[in-house]
Chemist: 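Got a structure for you, questions after.
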Amino acid sequence: AARYAGLCHEDGVGAKKDESEAAKFYGMGARLGDEVSTARLLDLAQNRKVPEAEYQYGLWVETLPDKVTTAVRWFGVAAEHGHILAMKRLAELAKSDVGAKVEYGNLLLETKPGEAFTYLRSAYDAGATHALSNLVKAAYQATTETGDSHLIFLLEQAGNSNAMAARYAGQCYEFGISVAKDQAEASRLYGMGARAGDDAAQNRLLDLAQNSKLPSAQYQYALWVEN
């Protein structure tokens, strides 16, 4: 019955054509074990990118043994497409699941970088090394936008040869973001970033060396060129 109700809404037979409503019924059918409902739901989610279908497919996958990671991915996709319930489910899973912490932190990166940092740091500390790139971005954005300084974290990562972290820490010192301005320290950090391959750090270093005539920047630039 759930599958047929879904087909009616999907095709507009005896009901208003509504793929989101169809997805809800297919989701019910899938969770009750109907393979056709599952196939129709996957088609709406994967090929037609219907947010409700992405969410419902995640709910179905979550009922399967050892499939939380896959469910998290679907909830993340639906949340990216603006599905509120998917975002809430992801937040619930993020309380205990490392993969969900990463997915949820990534979603919060642009709007709530402080919260994103918290989730991504928790995931990173739990072994999710792939969270590091966005974790570094969250650290810098939170420092610049909310005043919640994560400069120490950026400096730690710069010391671990993270090029992006070195550049962001350099910007903090160059522009006085959560720390007193110090162009010599900014130059040192840009030099670290440049030698680690960060193009933006190289450009900042060149500007300080060439246009600002800063001796420390000229020295760091020479080290980079020598490298």
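Computed from a predicted model, the values in this text were never measured in an experiment.
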Chemist: Considering only heavy atoms from C-beta outward, does the side chain of Tyr221 approach that of Ser187 to under 4.5 Å?
Modeler: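 No, side chains not in contact.
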Chemist: Tyr119 vs Tyr104 aromatic rings, parallel, tilted or perpendicular, using cut-offs 30° and 60°?
Modeler: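 Geometry flag for Tyr104 against Tyr119: perpendicular rings.
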Chemist: So, for Ala94 and Lys101, which heavy atoms are closest and what is the spacing to 0.1 Å?
Modeler: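 Reported closest heavy-atom pair: O-NZ, 2.9 Å.
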Chemist: For the NE2 atom of His83 and the CZ atom of Arg89, what is their distance to the nearest 0.5 Å?
Modeler: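 If we round to the nearest 0.5 Å, His83:NE2 and Arg89:CZ are 13.5 Å apart.
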Chemist: Could you tell me which non-hydrogen atom of Gly105 sits nearest to which non-hydrogen atom of Ala116, and how far apart they are?
Modeler: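 Looking at all heavy atoms of both residues, the closest pair is O-CB, 3.3 Å.
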Chemist: Hey, what do you get for CG (Leu85) to OH (Tyr55), rounding to the nearest 0.5 Å?
Modeler: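 Answer for the CG-OH pair, Leu85 versus Tyr55, is 4.5 Å.
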Chemist: Measure across Ser216 and Ala184 and return the closest heavy-atom pair with its distance rounded to 0.1 Å.
Modeler: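 Shortest heavy-atom contact: OG-CA, 3.4 Å.
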Chemist: Give a yes or no on whether Ile152 atom CD1 has more than 12 heavy-atom contacts from other residues, nucleotides or ligands under 6.0 Å away.
Modeler: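 No - once you tally the heavy atoms of other residues, nucleotides and ligands closer than 6.0 Å, there are 12 at most.
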Chemist: Find out whether Leu189 and Leu155 are in side-chain contact, i.e. whether some heavy atom of one side chain is under 4.5 Å from a heavy atom of the other.
Modeler: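 Leu189 vs Leu155: side chains touch.
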Chemist: Taking it one step at a time, do Gln171 and Thr144 satisfy side chain to side chain contact (heavy atoms under 4.5 Å, CB included)?
Modeler: CA-CA 10 Å; Gln171 289 175 188; Thr144 57; over 6 Å; no
Chemist: What residue among Glu174, Glu185, Arg195 forms side-chain hydrogen bond (donor to acceptor under 3.5 Å, both in side chains) with Tyr190?
Modeler: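 Going through Glu174, Glu185, Arg195 one by one, the side-chain hydrogen bond (donor to acceptor under 3.5 Å, both in side chains) with Tyr190 is satisfied by Glu174 alone.
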Chemist: Measure up the Tyr57 and Trp74 rings against each other and bin them: parallel (under 30°), tilted (30 to 60°), perpendicular (over 60°).
Modeler: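 Ring orientation of Tyr57 relative to Trp74: perpendicular.
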Chemist: Do Leu93 and Leu108 sit in one hydrophobic cluster, given that two such residues count as connected whenever their side-chain heavy atoms are within less than 4.5 Å of each other, even indirectly?
Modeler: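 Both belong to a single hydrophobic cluster.
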Chemist: Ser37 and Phe25: side chain to side chain contact (heavy atoms under 4.5 Å, CB included), yes or no, with the steps?
Modeler: CA-CA 8 Å; Ser37 291; Phe25 283 108; over 6 Å; no
Chemist: So, taking the atom named CG in Leu107 and the one named CE in Met87, what distance separates them when rounded to the nearest 0.5 Å?
Modeler: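 One gets 4.5 Å once the value is rounded to the nearest 0.5 Å.
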Chemist: What are the two closest non-hydrogen atoms of Gly193 and Ala201, and how far apart are they?
Modeler: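 Scanning both residues completely, I find the closest heavy atoms to be C-CB, 3.8 Å.
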Chemist: How many angstroms lie between atom CZ of Arg31 and atom OG1 of Thr63, to the nearest 0.5 angstrom?
Modeler: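 Atom-to-atom, Arg31:CZ and Thr63:OG1 are 8.0 Å apart.
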Chemist: For the residue pair Ser20 and Asp18, what are the closest heavy atoms and their distance?
Modeler: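 Heavy-atom minimum between the residues: N-OD1, 3.0 Å.
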Chemist: Do any N or O atoms from the side chain of Thr146 and from the backbone of Asp148 form a donor-acceptor pair under 3.5 angstrom?
Modeler: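 Present.
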Chemist: Shortest non-hydrogen contact from Gly29 to Ala2?
Modeler: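 Smallest interatomic distance, heavy atoms only, reads N-CB, 3.7 Å.
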Chemist: Report the distance from atom CG of Leu120 to atom CG of Leu132, rounding to the nearest 0.5 Å.
Modeler: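 Spacing of CG (Leu120) from CG (Leu132) equals 10.0 Å.
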Chemist: Less than 4.5 Å apart, side chain to side chain, heavy atoms only: is that true for Glu103 and Phe75?
Modeler: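 Not touching, per the 4.5 Å side-chain cut-off.
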Chemist: Taking the side chain from Asp97 and the backbone from Gly99, do they hold a donor-acceptor pair closer than 3.5 Å?
Modeler: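 Side chain of Asp97 to backbone of Gly99: a pair is present.
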Chemist: Would a 4.5 Å heavy-atom cut-off, applied to side chains only, mark Asp207 and Asn203 as touching?
Modeler: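 The answer is no; the side chains never approach within 4.5 Å.
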Chemist: Determine whether the side chains of Gln157 and Tyr168 contain a donor N or O and an acceptor N or O closer than 3.5 Å.
Modeler: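 No - no donor-acceptor pair under 3.5 Å links their side chains.
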Chemist: Does a side-chain heavy-atom distance below 4.5 Å link Glu110 with Gln141?
Modeler: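 A side-chain contact exists here, since the closest heavy-atom pair is under 4.5 Å.
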Chemist: Should Leu109 and Val98 be counted in the same cluster of Ile, Leu, Val, Met, Phe, Trp and Tyr side chains packed under 4.5 Å apart?
Modeler: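 Different clusters: Leu109 never reaches Val98 through Ile, Leu, Val, Met, Phe, Trp or Tyr contacts under 4.5 Å.
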Chemist: Using the rule that two of Ile, Leu, Val, Met, Phe, Trp, Tyr join whenever any of their side-chain heavy atoms come within less than 4.5 Å, decide whether Val72 and Leu42 are in one cluster.
Modeler: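 Val72 does not cluster with Leu42.
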Chemist: Does the side chain of Arg3 come within less than 4.5 Å of Arg40's, by heavy atoms?
Modeler: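 When only atoms from C-beta onward are counted, Arg3 and Arg40 do not touch, as no gap falls below 4.5 Å.
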Chemist: Around atom CZ of Phe175, are there more than 12 heavy atoms of other residues, nucleotides or ligands at under 6.0 Å?
Modeler: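 Buried by this count: over 12 neighbours within 6.0 Å.
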Chemist: Nearest 0.5 Å, please: how far is CG in Leu151 from OG in Ser178?
Modeler: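 Reported to 0.5 Å precision, the distance equals 5.0 Å.
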Chemist: Check for me, please, whether Met28 and Tyr26 land in the same ILVMFWY cluster - side-chain distances under 4.5 Å, paths through other members count.
Modeler: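 As far as the 4.5 Å side-chain criterion goes, Tyr26 and Met28 are not connected within one cluster.
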Chemist: Between Glu54 and His81, do the side chains contain a donor N or O and an acceptor N or O under 3.5 Å apart?
Modeler: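 Glu54 and His81 do have a side-chain donor-acceptor pair below 3.5 Å.
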Chemist: Ile177 and Leu205: same hydrophobic cluster, using ILVMFWY side-chain contacts below 4.5 Å?
Modeler: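 Yes: a chain of side-chain contacts under 4.5 Å links Ile177 to Leu205.
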